[in-house]
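Only heavy atoms go into these numbers, but all of them, side chains included; no hydrogens, no water, no symmetry mates.
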Amino acid sequence: GKELDSLTDFVSFGIAPAFIIYFWQLNSFGKLGWAVTLIYSVCCVLRLARFNLTTYDDVDSWKQNYFEGVPSPIGALLILSPLVLELLNINLLTNITYFVPVFTLLVAILLISKIPTYSFKKIKIKPALTVFILLGIGVSLITLIFFTFETLIAFSLIYLMSIPIACFTYNKNKISISAENSEEEHEDIL
């Protein structure tokens with residue numbers, strides 16, 4: 001089941017968005033555009049393979065709150081962001097033609113990187129906050145329905161801004177766990 005899930009993720013988030021970007025913009029680069037498309041797809045499958053093979057022992061169970069690299073669904077959202085910006089008629093860049101292949105390669109590198117990003121799998125929510133989280137989910141769904149492209153861009157930007165925060169909290173947790181482990185080793189010696 002885990003392998004079939006990764007296969008469907010690869011088709012949905014590795015192949016489909018890459019072909020959309022290829023037929024929208026990258027095909028004008030010829031073989032280079034095709035190479036960028038393949039690089040993104042290969043990085044997506046490598047990311048999914050690493051996800052399937054990752055295991056944590058009891059000491060490193062805190063790492064389950066983080067992914068290594070950007071998850072493939074977010075990677076798909078990110079590489080489609082320039083297309084969404086064009087559909088919104090927001091032209092922040094003077095020439096988006098040369099931005100798209102570079103941005104696609106950057107997202108491909110983020111997929112296979114070791115940069116910690118939040119996973120939200122083992123998140124613990126206080127019962128008092130449940131109402132606010134449900135309200136936030138409801139508002140997000142409503143804005144996604146009525147302001148689809150704007151919401152997708154907002155989600156992309158929020159996720160990109162969360163990456164440095166995730167790196168900071170990951171390193172902070174790593175240092176505190178290392179300190180605890182070294183204290184335990186010193187207590188065992190005495």
Side-chain angles (χ1 to χ4, degrees), residues 1-54 66-121 137 139-167:
K2 193 175 186 181
E3 286 77 17
L4 287 176
D5 180 53
S6 289
L7 179 64
T8 57
D9 283 352
F10 173 60
V11 172
S12 301
F13 306 123
I15 298 292
F19 274 108
I20 290 170
I21 291 297
Y22 176 77
F23 288 117
W24 169 61
Q25 195 67 247
L26 294 178
N27 63 355
S28 63
F29 290 95
K31 291 180 181 178
L32 181 65
W34 186 244
V36 170
T37 304
L38 288 176
I39 288 170
Y40 173 80
S41 296
V42 167
C43 287
C44 186
V45 79
L46 289 173
R47 196 261 174 272
L48 290 166
R50 181 175 64 196
F51 176 74
N52 282 349
L53 297 174
T54 302
Y66 300 92
F67 287 126
E68 282 185 3
V70 173
S72 55
I74 300 296
L77 176 66
L78 291 176
I79 69 161
L80 291 174
S81 295
L83 175 61
V84 172
L85 282 173
E86 186 174 284
L87 291 172
L88 280 172
N89 292 325
I90 297 175
N91 194 4
L92 301 175
L93 306 168
T94 55
N95 191 356
I96 200 166
T97 305
Y98 297 108
F99 174 75
V100 172
V102 172
F103 186 68
T104 304
L105 288 174
L106 287 174
V107 172
I109 291 169
L110 282 175
L111 285 170
I112 59 170
S113 71
K114 296 277 189 171
I115 295 173
T117 58
Y118 289 120
S119 92
F120 301 111
K121 286 182 184 177
I137 291 170
V139 169
S140 297
L141 289 174
I142 290 170
T143 57
L144 196 57
I145 291 169
F146 292 109
F147 305 104
T148 305
F149 297 135
E150 293 89 347
T151 306
L152 290 175
I153 292 298
F155 286 164
S156 297
L157 291 174
I158 289 169
Y159 191 82
L160 286 174
M161 289 187 293
S162 77
I163 292 174
I165 298 167
C167 290

* Mind checking side-chain hydrogen bond (donor to acceptor under 3.5 Å, both in side chains) for E86 and listing every partner two or more places apart, or none if nothing turns up? => W24
* Asked: Hey, does T117 have a side-chain heavy atom less than 4.5 Å from the side chain of S162?
  -> no
* Kindly indicate whether the side chain of T151, heavy atoms from C-beta on, has any atom under 4.5 Å from the side chain of S140. => no
* Does some side-chain heavy atom of V70 sit less than 4.5 Å from a side-chain heavy atom of V107? -> no
* Asked: Would you say the side chain of I74 lies within less than 4.5 Å of the side chain of L110, judging by non-hydrogen atoms?
  -> no
* To do: Please report the shortest heavy-atom distance between A108 and C43, naming the atom on each side.
  => O-CB, 3.5 Å
* How far apart are the closest heavy atoms of T37 and G33, and which atoms are they? -> OG1-O, 2.9 Å
* Taking the side chain as every heavy atom from C-beta outward, state whether L152 and L77 have any pair of such atoms under 4.5 Å apart. => yes
* Asked: What heavy-atom pair brings C44 and G14 nearest, and what distance separates the two atoms?
  -> SG-CA, 3.5 Å
* To do: Taking the side chain as every heavy atom from C-beta outward, state whether P71 and Y159 have any pair of such atoms under 4.5 Å apart.
  => yes
* **Spatial distance of atom CZ (F147) from atom CG (L88) [nearest 0.5 Å]** => 11.5 Å
* Asked: Roughly how far apart are N27 CG and F29 CZ, rounded to 0.5 Å?
  -> 9.5 Å
* What is the distance from atom CD of Q25 to atom CG of L83, rounded to the nearest 0.5 Å? -> 9.0 Å
* Is it true that the side chains of N52 and S6 contain a donor and an acceptor less than 3.5 Å apart? -> yes
* Asked: Taking the six-membered ring for Trp, is the centroid-to-centroid distance between W34 and F19 below 6.0 Å?
  -> yes
* To do: Let me see the working for Y40 and L111 under side-chain contact (heavy atoms from CB on, under 4.5 Å), right down to the final yes or no.
  => CA-CA 9 Å; Y40 173 80; L111 285 170; 3.5 Å; yes
* Before giving the answer on side-chain contact (heavy atoms from CB on, under 4.5 Å), spell out for L85 and I153 the whole-Å C-alpha distance, their side-chain angles and the decisive distance to 0.1 Å. => CA-CA 8 Å; L85 282 173; I153 292 298; 3.8 Å; yes
* Structure fact -> Value for CZ (F149) from CG (L144), rounded to nearest 0.5 Å, stands at 10.5 Å
* Output all residues satisfying ring pair (Phe, Tyr, Trp, His ring centres under 6.0 Å) with Y118, sequence neighbours left out; order by chain, then residue number. => Y66, F120
* Do R50 side-chain atoms and E68 backbone N/O form a donor-acceptor pair below 3.5 Å? -> yes
* From S28 atom OG to Y22 atom OH, the distance as rounded to the nearest 0.5 Å -> 9.0 Å
* Structure fact -> OG of S156 to CD1 of I79, rounded to nearest 0.5 Å, is 11.0 Å
* To do: Quick one: closest heavy-atom pair of I115 and C167, and the distance?
  => CG2-SG, 3.5 Å
